[in-house]
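Report on one structure; see the data block that follows.
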Amino acid sequence: MLRYAIRRLLIAIPTLIVISFVIFAVLDLAPNDPTGNLPLTIDAETRAKIREAMGLDEPFHIRYAAWLNQFFINEPLNIIEKSFDTCFGSTCQWEAVRVPRAEHWAGVEVHEVSDRLRIRSWGTRSEVVDLIVERAPQTLKVVGLAYVVAIMIALPIGILSAIYQYSWFDQIGTFVSMVGFSVPTFFTGLVLIVVFSTMIPEDSMFWLPSVYDTTHEVTDWDSFVYQVRQMAMPVAVLGLFNAAQISRYMRASMLENLNLDYVRTARAKGMKERVVILVHVLRNSLIPVVTVIAIGIPATLAGAIITEQIFRINGIGALLITGIQGADIPLVQTITFIFAVLIVFFNLIADLIYGILDPRIRYD
Amino acid sequence: MKPMRSLLASAAVLALTGTGALAERGSDGQVNILYWQAVSILNPYLSGGTKETHASSVVLEPLVHYDPDGNMVPILVDEIPTVENGGVSEDLKSITWKLKEGILWSDGTPLTAEDVVFSGEYCTHPEGGCSSASFFTDVESFEALDDLTVKITFSVAKPFPYGPFVGAEVPILQKAQFKDCMGAKAPECTEQNFYPIGTGPFVVKEFKANDTIVYEANPNYRDPAKPAFQTVLFKGGGDAASAARAVLETGEFDYAWNLQVEPEILSQMAAAGKGEVMSSFGTNVERLMVNLTAVDPSLGPDLRSVYADGTNPHPFLSDPAVRRALSLAIDRDIIVEIGYGAAGKVTCNVLPAPEIYASTANDWCKTQDVAKANQLLDEAGWVRGSDGIREKDGVRLSILFQTSTNSVRQGTQALIKQMWAEIGVETELRNIEAAVFFGGDQSSPDTFQKFMSDIEMYTNNFPGTDPEQYMANWACTEIPGPNNQWLGDNVPRFCDPAYDALVQELAVTAGLDARAEIAKKLNDMLMDFGAMIPLVHRGNVSARSLTLGGVAMTSWDSEIWNIADWYRIK
């Protein structure tokens, strides 16, 4: 197993390098211009200067090599420096970030700029990785919670639907998951906003905010309640969508196992139905479902883009959209590549879990 | 601009908006602003985007702002320099600004002429990639005569010297904060670009790029009673329709910007009674550009859509009767009603504002006249073929009509296609992604400047209130082509020596009325020739909550330029 994991990790490296090249080439070949969205009152000469200042006049292979260097060497070094409070080389890039803001206002602080260039967004002129770090909590909080909620709802529904196949419960469950799966999130999101933010008066306890406040901090009970309220709608929308999918897998997998010989044997041995279902059937049925859940994690992070946009959660998905609209290529390149890394990584995890859950599967 | 007029105007604005803000600073709590395009950076010199300019105007101030009527309002100075008061030199080559006394930066240090000089040098640095560089065209030097006096010298006579430091695009930066951020280092100063120190009513407390900005009242602001709000929450992201909903229906926000939403939907939302839809008009005109050069794909790259000294005329758009008929056949009222609502007015000029520049000579276009259009084409010898499309000498009136991808534009395209069908003109529609259409990618054939179609539609305008540079767009030298990497603003490829001479005259004429006279003439020449077919004078549409007072929306400057005067209506 360990050897398998190491082999897979080694294969992942060339895969990811090829992916990064493809992303970079596609973005570069696409007819796009970071100054294209600026007002037309800015003349062409100024635009050319702006592009030059962004480094767009360098040839393709140099920009690609620079990005590789920044992503695989400079950024990891920077993260190590930050987390262990050490320095490589003569100067520390992160020193500027550590100085409290009040001192900056006084305008006295001067920091040396190290040669170690980091990936810089064209839109904000700031470090892309810092932007992602700033955005990640929102996405993880809302999208992560929605996924957990979805799993917690989907598994029992799937199990019960399979045991009581074609019962009323199963029929309703099937209907709800069909609706959840086929109605897009931008529609369910709008319906919830119209009902809970517009039709219900603001002083009612059922009123929910339609705009997510990213500056909100939980300090006491009231602010916690507010946080719950502002997360309620996006979590519900995403949760419904994911739960629909997972519950269908769970049900199908349970049904497949329920009719197998070993179940009949277990029952014939006089085991209680509870033990048969929970110990024998469930464990075997979970194998494909766990894989689906693991592979779904990166897809969920990427797929929450629309939900983030509707509720203005401004997580990583919204950051990617802004980047695409503004032709902010370093930003789009980095986020897309991180998604690619996540997908490769979670595929590996899924395969490993498979081996753990089913002892018959041996990779070596 | 006569000093009397601008001073009176500013006094009027202050009197109108100041009434509710008699309370003390910070007494009205928080104001929530929603921009559906999120703000990336708070240094307008490094962005050029409208949203960044607006968001930074809350903190950074220029010497002079423009009010809703396009009048100059002194902000960091006491009066606007003119030739009469000696602030502008007789030869029109320099302007001297005197800063107001006692203005402090938010960190408590005084604002000096050195800061103004620094801001000019910051933007004119050749490696900085400053997006407001055109405001400093022809500037030779910035000079601090004493602590409060700045002299700006131009290399040529500037009859309208109010480019540098007038308007939110060109504010004053603090030298002490930005002194290590010159030129190539400018983008690396993330702290400075996210947390600029300003003289404005608010200070940045928290900046989340492309997301949210939190501002706090500036303790050192010059008016001790202002701003009325203690904090500003400036949220970004989402789309225009839901931004409108957040102000007009749910009431979660007090102000929402740039609500490009179907007029019908907007008025439905406004019926909820929580907010008001506002519009303001600047110089934006949605117009059809008429390609006066041939664009047949068989021509090859050296001739396609290339002016070639007039040797490559368009097969039918070079006929004045066709251009006039195309304009007459359009019902502009319907286009405004369906696509724009409060955000549009019918116009027959490319230079529709300010008031003194607006010509009335072309008002024939305001009413649709299909019969007259048909008659013009008949007389010019364009006869209908068996399929109803007119032709002459084997040339069919078949138009390729392109614009950027945008639902309102595609609606307008469909309407125009229908209107032109009535006069026997066939239209093929095409739309191109905005980032490509307006992008400067040399390898793409689809940019608005390469103009590989017969007609194209978009909006253009000019910054500030002086149309000199804008009208110079249609000089012969501005024609885009392979010789200048397709960088030129004369998109119709219009060339007339008489027009160029008049542009030269405008460049040396001082005095507002004389300039207005020439600008109108230039506009009329273009309209009479039919190089462009103006459609809609476009305004900006924003919404405010009914509880938010003091808003004076302007299209000439940052929309929220007077946020210091905003207050809560109780």
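Atoms considered below: every heavy atom in the structure, side chains included; atoms not considered: hydrogens, waters and symmetry mates. Order of the sequence lines fixes the chain letters, A, B, ..., with proteins taken first and strands second; residue numbering starts at 1 for each chain.
Using modelled atom types, one side-chain atom of A:Arg125 and one backbone atom of B:Leu46 make a donor-acceptor pair closer than 3.5 Å.
Atom CG of B:Leu233 and atom OG1 of A:Thr214 lie 7.5 Å apart (nearest 0.5 Å). Atom CG in A:Asp130 sits 9.0 Å away from atom CZ in B:Phe194 (nearest 0.5 Å). Atom CG of B:Asn210 is separated from atom OG1 of A:Thr322 by 4.5 Å, given to the nearest 0.5 angstrom. Separating the CD atom in B:Glu191 from the OG atom in A:Ser126 is a distance of 10.5 Å, to the nearest 0.5 Å. With rounding to the nearest 0.5 Å, the separation of OG1 in B:Thr250 from CD1 in A:Ile193 is 8.5 Å. Here A:Tyr212 contributes atom OH and B:Thr212 contributes atom OG1; the two are 10.5 Å apart, rounded to the nearest 0.5 Å.
Between B:Lys274 and A:Glu202 the shortest side-chain heavy-atom distance falls below 4.5 Å. In this structure, the side chains of B:Ser242 and A:Arg312 come closer than 4.5 Å at one or more pairs of heavy atoms. Taking 4.5 Å as the limit, every side-chain heavy atom of A:Asn314 sits out of range of all side-chain heavy atoms of B:Lys208. Considering only heavy atoms from C-beta on, B:Glu252 comes within 4.5 Å of A:Pro209 through its side chain.
If you tally non-hydrogen atom pairs under 4.5 Å between each of B:Arg245, B:Glu127, B:Gln37 and chain A, the highest count goes to B:Arg245. In terms of non-hydrogen atom pairs under 4.5 Å with chain A, the most contact-rich of B:Ala246, B:Ala272, B:Ser131, B:Gly49 is B:Ser131. Chosen from A:Asp213, A:Val211, A:Ile200, A:Ile313, the residue pairing most often with chain B at heavy-atom distances under 4.5 Å is A:Val211. Among A:Ser197, A:Ala318, A:Ser210, the residue making the largest number of heavy-atom pairs under 4.5 Å with chain B is A:Ser210.
Looking at B:Ala243, both its backbone and its side chain come within 4.5 Å of chain A, counting heavy atoms on both sides. When heavy atoms are compared at a cutoff of 4.5 Å, A:Leu190 approaches chain B solely by way of its side chain, counted from C-beta outward. For A:Trp207, the part lying under 4.5 angstrom from a heavy atom of chain B is the side chain only. In this structure, chain B has a heavy atom under 4.5 Å from the side chain of A:Gln138, while its backbone stays farther away. With a 4.5 angstrom heavy-atom cutoff, A:Glu52 does not touch chain B via any of its atoms. Looking at B:Thr459, only its backbone comes within 4.5 Å of chain A, counting heavy atoms on both sides.
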